Amino acid sequence: GQQVQQSPASLVLQEGENAELQCNFSTSLNSMQWFYQRPGGSLVSLFYNPSGTKHSGRLTSTTVIKERRSSLHISSSQTTDSGTYLCALANNAGAKLTFGGGTRLTVRP
Amino acid sequence: AQTIHQWPVAEIKAVGSPLSLGCTIKGKSSPNLYWYWQATGGTLQQLFYSITVGQVESVVQLNLSASRPKDDQFILSTEKLLLSHSGFYLCAWSLTNQAPLFGEGTRLSVL
């Protein structure tokens with residue numbers, strides 16, 4: 001079965017609204033990473049191996065390892081936040097990343 | 001500073017034709033190297049990884065092969081493209097237990 005599940009699959013917001021993206025793992029967590037995938041396909045790393053709560057600008061990642069879940073909160077969304085948000089689970093030593101299916105976010109002006 | 005460069009940026013190829021995609025890492029010796037692939041609308045999945053020159057491990061079989069002829073170079077290739085090879089290919093590097101860094105990708109259309 002799928003090891004990394006993301007929800008929702010897609011989300012449409014009005015500019016200024018907040019977003020909450022979820023990532024759940026079916027296996028034990030070694031390390032995980034949140035990415036933003038640009039419309040052209042390239043990846044931007046947002047958070048790496050977050051445990052607890054971490055902040056980066058308008059982004060907040062909250063990971064509860066024993067519950068095998070992580071969330072990404074985007075506050076005061078902007079149109080430039082539109083794109084796909086991916087979470088990925090890494091195995092021991094990080095040699096293999098397993099990606100979730102992503103959440104496609106559209107922020108309307 | 002480390003840089004990762006993928007080429008070409010995009011390719012349009014015919015079914016049955018050969019393919020070679022390249023990836024070069026500068027500024028880091030003996031990195032772990034990875035190839036990922038994403039079908040249009042699909043999930044990113046790892047294809048290959050390499051921890052040293054000349055050594056490549058296959059993760060998913062897609063009738064593709066990979067080689068690492070130099071410490072800083074990773075090549076993805078096939079003799080005969082299939083329609084199902086279309087998609088987006090990403091190269092990445094990392095050190096053990098560190099976050100991978102990705103290249104800008106190559107978009108491949110097989111017609």
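The sequence lines fix the lettering, A, B, ..., with proteins before strands; numbering per chain opens at 1. The model shown is predicted, which means the values in this text are computed figures rather than measured ones. When reading the values below, keep in mind they use all heavy atoms of this one structure, side chains included, and skip hydrogens, waters and symmetry mates.
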Q: Determine which pairs satisfy disulfide bond (SG atoms under 2.5 Å apart) with at least one residue from residues 3-95 of chain B, sequence neighbours left out, and list them in order.
A: B:Cys23-B:Cys91
Q: Report which part of B:Gln38 has an atom under 4.5 Å of a heavy atom belonging to chain A: side chain, backbone, both, or neither.
A: side chain
Q: Can you name the closest pair of heavy atoms from A:Gly100 and B:Thr43 and give their distance?
A: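 Heavy atoms of A:Gly100 and B:Thr43 come nearest at O-CG2, 3.5 Å.
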Q: Got a sec: does the CZ of A:Arg104 have more than 12 other heavy atoms crowding it under 6.0 Å?
A: no
Q: Please identify each residue that fulfils ring pair (Phe, Tyr, Trp, His ring centres under 6.0 Å) with B:Phe88, with sequence neighbours left out.
A: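 Partners of B:Phe88 by the ring pair (Phe, Tyr, Trp, His ring centres under 6.0 Å) criterion come out as none, since no residue qualifies.
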Q: Roughly how far apart are A:Thr98 OG1 and B:Gln45 CD, rounded to 0.5 Å?
A: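 Going from OG1 on A:Thr98 over to CD on B:Gln45, the span is 10.0 Å.
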Q: Can you tell me if CD on B:Glu79 sees more than 12 non-hydrogen neighbours from other groups inside 6.0 Å?
A: no
Q: Measure the CG-OH distance between A:Leu97 and B:Tyr36 for me, rounded to the nearest 0.5 Å.
A: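 If we round to the nearest 0.5 Å, A:Leu97:CG and B:Tyr36:OH are 3.5 Å apart.
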Q: Do any of residues 38-45 of chain A come closer than 4.5 Å to chain B, heavy atom to heavy atom, and if so which ones, in number order?
A: A:Arg38, A:Gly40, A:Gly41, A:Ser42, A:Leu43
Q: Is the CD1 atom of B:Ile12 crowded by more than 12 outside heavy atoms at less than 6.0 Å?
A: no
Q: Who are the side-chain contact (heavy atoms from CB on, under 4.5 Å) partners of B:Ala99, not counting sequence neighbours?
A: A:Gln33, A:Tyr48
Q: Assigning hydrophobic clusters by single linkage (Ile, Leu, Val, Met, Phe, Trp, Tyr; side-chain heavy-atom cutoff under 4.5 Å), is B:Leu62 placed with B:Phe74?
A: yes
Q: Considering residues, nucleotides and ligands other than A:Arg58, do more than 12 of their heavy atoms fall under 6.0 Å from its CZ?
A: yes
Q: Going through the checks in order, is the side chain to side chain contact (heavy atoms under 4.5 Å, CB included) test met by A:Phe35 and B:Leu44?
A: CA-CA 12 Å; A:Phe35 293 93; B:Leu44 259 174; over 6 Å; no
